[in-house]
Asks: 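Structure incoming, see below.
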Amino acid sequence: MKDKIVQAREGFLGKRSICVLTGAGISAESGIPTFRGKDGLWKNYRAEELATPYAFEKNPRLVWEWYSWRREIISRASPNEGHYAIAKMENVFPDFLLITQNVDGLHAAAGSKKMVELHGNIWRVKCTICYYKGEDKNVPVKYPPLCPNCEGLLRPDVVWFGEPLSPSVLSTAFEAVSRCEVMLVVGTSAVVQPAASLAWKAISSGAFTIEVNIEPTELSDRVDVNLRGRAGEILPLLIE
Ligand code: OAD
């Protein structure tokens, strides 16, 4: 492992353009369940069964109960050493972008600013009827949350399966990945598109690629260095 850390650190030397792609694994050490891990089930539902427009249409209360449960966990959580290490990186590299799939807001809490949230944010809501968007920090969620403009039902302002990502967020991410010299992929199973394709794009563009994950993924054999272990332990070693 020591050799691999050295190899990864050498990959950063003299580089100015860096992208970091994170997934639920970076927040696991903060106590937030990942989606596809053993602890990822809520009342026996998988994320794919609840994080859909169809599920919300069919049973909005159930979907809100799930988000209320996740909000409760997140409200008690703090950023971990992995989040802080990434926040420090943006001050070291002149051209830096953090691309996160997480909706928990822990990167921002750790001080990250040069960041896009691909899948939205759990503390934001939008109206299912009008164009209202706003913040809602209630824990537990007061059901039904209603729009202050039109009294329509509010939904979480997150991207669900089957929904498109914000075109501007996605193009910012793809542009940064296209020009980056180093891509660090942390704590994602890399199975959800289009997020996973950002990692593949970096590989095919010839960037120096590093993966940090406790388990192998489809990316593991294709990256330049794969670091098997916990993000909160490995990331601080990379920026030491
Ligand atoms: P997953 O739950 O699919 O994957 C989490 C990854 O983190 C796995 O590969 C784990 O091995 C790894 N992991 C767990 N603990 C770790 C640790 N301490 N250090 C490093 N790695 C660790 O989560 P995502 O890949 O983020 O989307 O899932 C992608 C999207 O699918 C999510 O944004 C969410 C989900 O359903 C939506 O809700 C739209």
Side-chain angles (χ1 to χ4, degrees), residues 1-2 4-35 37 39 70-124 137 139 169 172-173 176-177 180-190 195 198-199 202 207-215 217 223 225-240:
M1 178 56 105
K2 215 170 163 196
K4 282 192 170 185
I5 299 274
V6 171
Q7 213 187 332
R9 287 171 60 121
E10 281 172 359
F12 284 108
L13 287 181
K15 302 296 189 328
R16 62 184 314 281
S17 298
I18 314 290
C19 281
V20 180
L21 173 68
T22 63
I26 182 105
S27 296
E29 287 155 80
S30 295
I32 300 174
T34 60
F35 293 98
D39 54 354
R70 288 196 73 89
R71 273 191 187 185
E72 263 182 76
I73 296 170
I74 292 167
S75 68
R76 289 194 301 266
S78 308
N80 64 57
E81 293 307 315
H83 295 105
Y84 287 117
I86 293 172
K88 282 185 191 149
M89 285 182 187
E90 73 179 43
N91 301 319
V92 175
F93 300 102
D95 182 18
F96 179 92
L97 187 69
L98 164 61
I99 304 161
T100 187
Q101 298 167 82
N102 299 347
V103 299
D104 57 33
L106 289 186
H107 281 300
S112 281
K113 291 189 179 65
K114 295 180 183 171
M115 171 180 66
V116 288
E117 293 177 315
L118 284 182
H119 294 160
N121 188 294
I122 199 165
W123 302 110
R124 288 202 315 260
K137 296 214 158 173
V139 177
V169 165
T172 303
V177 169
C180 78
E181 298 166 284
V182 180
M183 172 89 163
L184 176 61
V185 182
V186 185
T188 176
S189 54
L198 290 162
F208 186 81
T209 47
I210 304 162
E211 180 184 59
V212 179
N213 201 308
I214 52 169
E215 282 172 7
T217 71
V223 293
V225 187
N226 68 61
L227 300 168
R228 191 72 54 239
R230 293 163 142 235
E233 288 163 14
I234 291 178
L235 293 179
L237 299 176
L238 292 185
I239 58 147
E240 233 170 38

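Just so we're clear, the structure is a prediction, and the values are computed from it rather than from any experiment. What you see below is based on every heavy atom in this structure, not just the backbone, and it leaves out hydrogens, waters and symmetry mates.
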Asks: For the residue pair Ala195 and Leu118, what are the closest heavy atoms and their distance?
Replies: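 Closest pair (atom of Ala195, atom of Leu118, distance): CB-CD1, 3.8 Å.
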Asks: Output yes when a side-chain donor or acceptor of Glu72 lies under 3.5 Å from a complementary backbone atom of Val139, and no otherwise.
Replies: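 Not confirmed, Glu72 side chain does not pair with Val139 backbone.
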Asks: Search all heavy atoms of Ala8 against all heavy atoms of Leu238 and return the closest pair with its distance.
Replies: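 Where Ala8 meets Leu238 most closely, the heavy atoms are CB-CD2, 3.7 Å.
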Asks: Distance-only, no hydrogens or angles: does the Asn213 side chain make a donor-acceptor pair with backbone N or O of Thr188 under 3.5 Å?
Replies: yes
Asks: Mind listing the closest non-hydrogen atom pair of Ala207 and Cys180 along with its distance?
Replies: CB-O, 3.6 Å
Asks: Could you state the interatomic distance from CD1 (Ile5) to CD1 (Ile234), rounded to the nearest 0.5 Å?
Replies: 5.5 Å
Asks: For residues Ile210 and Phe12, determine if any side-chain heavy atom of one lies less than 4.5 Å from a side-chain heavy atom of the other.
Replies: yes
Asks: Using every non-hydrogen atom in the two residues, find where Gly229 and Val212 come nearest and quote the distance to one decimal.
Replies: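 Smallest interatomic distance, heavy atoms only, reads O-CG1, 4.0 Å.
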Asks: Please walk me through it: do Gln101 and Leu21 pass side-chain contact (heavy atoms from CB on, under 4.5 Å)?
Replies: CA-CA 8 Å; Gln101 298 167 82; Leu21 173 68; 4.3 Å; yes
Asks: Indicate yes or no for a side-chain donor-acceptor contact from Glu29 to the backbone of Gly232 under 3.5 Å, with no hydrogens or angles considered.
Replies: yes
Asks: Given side chains that start at C-beta, do those of Leu198 and Ile99 come closer than 4.5 Å, heavy atoms only?
Replies: yes
Asks: So Leu98 and Lys114, side-chain contact (heavy atoms from CB on, under 4.5 Å) or not? Walk me through it.
Replies: CA-CA 6 Å; Leu98 164 61; Lys114 295 180 183 171; over 6 Å; no
Asks: Nearest 0.5 Å, what's the CD1-CD1 distance between Ile18 and Ile86?
Replies: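 Reported value, rounded in 0.5 Å steps: 12.5 Å.
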Asks: Is there a side-chain contact (heavy atoms from CB on, under 4.5 Å) between Ile26 and His83? Walk through the geometry before answering.
Replies: CA-CA 7 Å; Ile26 182 105; His83 295 105; 3.9 Å; yes
Asks: Counting C-beta onward and ignoring hydrogens, is there a side-chain heavy-atom pair between Thr217 and Val185 closer than 4.5 Å?
Replies: no
Asks: Any side-chain to backbone donor/acceptor pair from Arg228 onto Met1? Under 3.5 Å, distance only.
Replies: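 No; judged by distance alone, with no hydrogens or angles, the pair does not exist.
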Asks: Roughly how far, to the nearest 0.5 Å, is the CG atom of Leu227 from the CD atom of Gln7?
Replies: 8.5 Å
Asks: Taking side chain as C-beta onward, heavy atoms only, is Leu237 less than 4.5 Å from Arg9?
Replies: no
Asks: Whether the side chain of Asn102 engages the backbone of Asp104 through a donor-acceptor N/O pair (distance < 3.5 Å, no angle test) should be reported.
Replies: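 Not a single qualifying donor-acceptor pair exists.
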Asks: Taking all heavy atoms of Leu97 and all of Ala173, pick out the closest pair and write down the distance.
Replies: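 Smallest interatomic distance, heavy atoms only, reads CD2-CA, 4.1 Å.
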Asks: Tell me the closest heavy-atom pair linking Asp95 and Ser17, and the distance in Å.
Replies: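 Scanning both residues, the minimum pair turns out to be OD2-OG, 2.9 Å.
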Asks: Between CZ of Phe96 and SG of Cys19, what distance do you get to the nearest 0.5 Å?
Replies: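 Atom-to-atom, Phe96:CZ and Cys19:SG are 8.0 Å apart.
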Asks: Are any non-hydrogen side-chain atoms of Leu13 and Glu10 less than 4.5 angstrom apart?
Replies: yes
Asks: Any donor-acceptor pair under 3.5 Å linking the side chain of Glu211 with the backbone of Asn226?
Replies: no
Asks: Run Trp123 and Ser75 through side-chain contact (heavy atoms from CB on, under 4.5 Å) and show every step you take.
Replies: CA-CA 10 Å; Trp123 302 110; Ser75 68; 4.1 Å; yes
Asks: Give, for atom CZ of Phe93 and atom CD1 of Ile239, the distance between the pair rounded to the nearest 0.5 Å.
Replies: 9.0 Å
Asks: I want to check something: taking the side chain as every heavy atom from C-beta on, are Val225 and Phe208 in contact at a cut-off of under 4.5 Å?
Replies: yes
